[in-house]
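As structure tokens, the structure follows; a few thoughts come after it.
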Amino acid sequence: MPERAQSAQEPLHRDEDAEGEALRARVQQAQRRRQGARGLQVRRQLGQPDQELRARPVAHQGSAHRRRDRQHHGGARRSARRIHAGEPEAGPMSDQEENHLIAERRAKLARIRERGVAFPNDFRRTALAGELIAAHGERAAEALDADPVRVKVAGRLRVKRVMGKASFAKIEDPSGQIQIFLQREALGDAYEDFKGWDVGDILGAEGVLFRTRTGELSVRAERIVMLVKSLRPLPDKWHGIADTELRYRQRYVDLIMNEDSRRVFALRSRIVRYVRSFLDARGFLEVETPMLHPIPGGAAARPFRTHHNALDVDMYLRIAPELYLKRLTVGGFERVYEINRNFRNEGVSTKHNPEFTMLELYQAYADYRDLMTLVEDLVHGLADTLLGGRTVRYQGAEYDFSGSFARLTIEQIILAHNPGLDPARLREVAYLRGVCDALGIGYGAGDGAGKLQIEIFEKTGEHKLLQPTFAYAYPTEVSPLSRRNDRDPFITDRFEFFVGGREIANGFSELNDAEDQAQRFRDQVARKEAGDEEAMYYDADYVRALEYGMPPTAGLGVGIDRLVMLLTDSPSIRDVLLFPHMRPEA
RNA sequence: GGGCCGUUAGCUCAGCUGGUAGAGCAGUUGACUCUUAAUCAAUUGGUCGUAGGUUCGAUCCCUACACGGCCCA
């Protein structure tokens, strides 16, 4: 189907592939621009016990809460004062009225109101700017004049240059910008109105395409309409919005100003869509499981707590969907996945947001090695489809995603990065404690060899796993939901996938021995009673489900935000979340 | 939790050794019928993050706090 004919009628539903082509080119351009940007080491928060996510000391949490509480009280007092003063809640805030720029625009809006409908919704555009440029941008001026193309375009005013009786403007819509040429002669009184309009207003223009003397494709306006008066001035047109805090708090301004930012979120959407189509094609069923859990499970993390009033029971926002998804495999849904939010009541950083998006999938009659292959296929497909190649540039580094990825055991990685260690003593607690002491790693009295190994791995090896790598054979001690290895009970059939020293995915053959699972829950409860706030609860119904028999199954968790960071060359998780968590404004 | 840095006009930023603040853009007024960060002339706009302290005097020095950034845990 001729894509332009279609898009002229449905301007908002454009052809995916054409968009993808352009997107890919621009992403590559952006990546080149960012070459040399500072690299970062990022730690990961995913799935099973991630030792980096140890709870901070209670004292820290307490003081943080106290600080927030004080602030809340302050805020409550302020807003109470406003209400008691009798100001309507919809009324302008005082700082707005004190700003003469906003006052000026309010006065303009008031004049528009006096003259009729101030916010009309009957202007219908017939074309998008970018499509007009694509379709007519190369045509000669004479050809355009000989065969006039009449268009109606609409968008936000981004550039305004008034030169007496003629003016140039640029409006922007989701596809790009197009120039409008306005003349007093053609527009009459409307031209005088236009001279008072502001950058940021949303307007419509109808006219004929032509080429200016400098050759720029433009619309010669025969009619212009103010559609929305913008009351707040946009940031500096040249420098844009540089304040990162403002970019996150007022994402709408960021999206108006920064094409790069729009591109990241468009690409995020395409990544998620690709993941869905990839799994759908393999016979996976997408499901939705509860976000409100009576018992938080499936990961080692501190949960958010809430309360169900009618039932008068405490509930938790989920920290992982794992145990519910595995109940479904018991029920016979042998391939299921869910892409949804998890919540963890922990710190906020460039790598952590309290709510984040995770893909979890479960595949019966498969093991962790099948999932490593699945990850390779998925990542290959994402790179090929969305980046146009298997070289991923991230913060100045290049990662090679072609072929299959390295597979190394945890012990191999430890030995590779700690050449002095004795391979024969890697499972001796006393020996490992000595290693930890030498490396400045703290440990608890109850930490076994597995826990100590992981601490050493995370301190010395993890951040060096730059090229795509599967680290596997995780100790059983730190993998309470993973299936024990048949030949070596010290380890489980579990892997994590790293790129750039960051954990992207975590997968394992599932523990489907109900009695083993019950014992591991009991161990977790013991740890919790000993003060480990991240230790898991005993989930009796989950054990009961396993007692009915869960088929041999493998499961995988993929941190979508981290995957998007990698594929969009974004240094902070806040760059890939439309509305990242922020402290309340002061 | 710790360290370092930042917070000045709507935006981007200057502001020296402490003497009550400036530029560009935006806005306003005027000129201008092919501009490209349009140009030219004039001009409005500030509780210098908040609260204390030192000082005759604080944007500047000190303390605490708030928010943000980077690094470390």
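Chain naming here is simple, since letters A, B, ... match the order of the sequence lines and numbering starts at 1 in each.
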- Task: List for me each residue that meets ring pair (Phe, Tyr, Trp, His ring centres under 6.0 Å) alongside A:Phe168, sequence neighbours excluded, and say none if there are none.
- Result: A:Phe181
- Message: Over all strands shown, is A:Lys108 touching base, sugar-phosphate only, or nothing at heavy-atom distances under 4.0 angstrom?
- Response: sugar-phosphate
- Check: B:rG24 base within 3.5 Å donor-acceptor of A:Asp236 side chain: yes
- Message: Once you apply a heavy-atom cut-off of 4.0 Å, does A:Thr212 come out as touching a base, just sugar-phosphate, or nothing?
- Response: base
- Message: Under the rule for side-chain contact (heavy atoms from CB on, under 4.5 Å), what residues qualify as partners of A:Leu415, not counting sequence neighbours?
- Response: A:Leu421, A:Pro423, A:Leu426
Hey, can you pull the donor-acceptor pairs under 3.5 Å for the side chains in residues 151-163 of chain A, sequence neighbours left out?
unit_1: A:Arg156; atom_1: NH1; unit_2: A:Gly200; atom_2: O; d: 2.8
unit_1: A:Arg158; atom_1: NH1; unit_2: A:Glu172; atom_2: OE1; d: 2.6
unit_1: A:Arg158; atom_1: NH1; unit_2: A:Ile256; atom_2: O; d: 3.0
unit_1: A:Lys160; atom_1: NZ; unit_2: A:Lys195; atom_2: O; d: 2.7
unit_1: A:Lys160; atom_1: NZ; unit_2: A:Trp197; atom_2: O; d: 2.7

- Contacts of A:Pro296 meeting side-chain contact (heavy atoms from CB on, under 4.5 Å) (sequence neighbours excluded), chain-then-number -> A:Pro303, A:Tyr316, A:Ile319, A:Tyr537
- Task: Name every residue in residues 150-165 of chain A that has at least one heavy atom under 4.0 Å from any atom of RNA chain B, in order of residue number, or write none if there are no such residues.
- Result: A:Val159, A:Arg161, A:Val162, A:Met163, A:Gly164, A:Lys165
- Item | Contacts of A:Asp198 that satisfy salt bridge (charged side-chain N to carboxylate O under 4.0 Å, His left out) - sequence neighbours left out | A:Arg105, A:Lys108, A:Lys229
- Mind checking side-chain contact (heavy atoms from CB on, under 4.5 Å) for A:Arg251 and listing every partner two or more places apart, or none if nothing turns up? A:Arg247, A:Tyr248, A:Asp254, A:Leu255, A:Ser261, A:Phe265, A:Leu578, A:Phe579, A:Pro580
- Partners of A:Glu216 by salt bridge (charged side-chain N to carboxylate O under 4.0 Å, His left out), sequence neighbours excluded? A:Lys170
- Message: Among residues 180-188 of chain A, which ones have heavy-atom contacts with RNA chain B below 4.0 Å?
- Response: A:Phe181, A:Gln183, A:Glu185
- Message: Checking A:Gln395 against A:Asp569: is there a side-chain donor and acceptor pair closer than 3.5 Å?
- Response: yes
Would you list the atom pairs, donor with acceptor, under 3.5 Å between side chains in residues 132-149 of chain A and any protein atom, with sequence neighbours excluded?
unit_1: A:His136; atom_1: ND1; unit_2: A:Arg139; atom_2: NH1; d: 2.9

- For A:Leu439, what residues pass the side-chain contact (heavy atoms from CB on, under 4.5 Å) criterion, not counting sequence neighbours? A:Asn418, A:Val435, A:Ile441, A:Ile456, A:Thr460
- Message: Between the base of B:rU7 and the side chain of A:Glu245, is one N or O donor paired with an acceptor at under 3.5 angstrom?
- Response: no
- Query: What would the secondary structure line of RNA chain B be in dot-bracket form, counting Watson-Crick and G-U wobble pairs under 3.5 Å, with [ ] for pairs that cross earlier ones and | for pairs with another strand?
  - Reply: (((((((..((((.....[..)))).(((((.......))))).....(((((..]....)))))))))))).
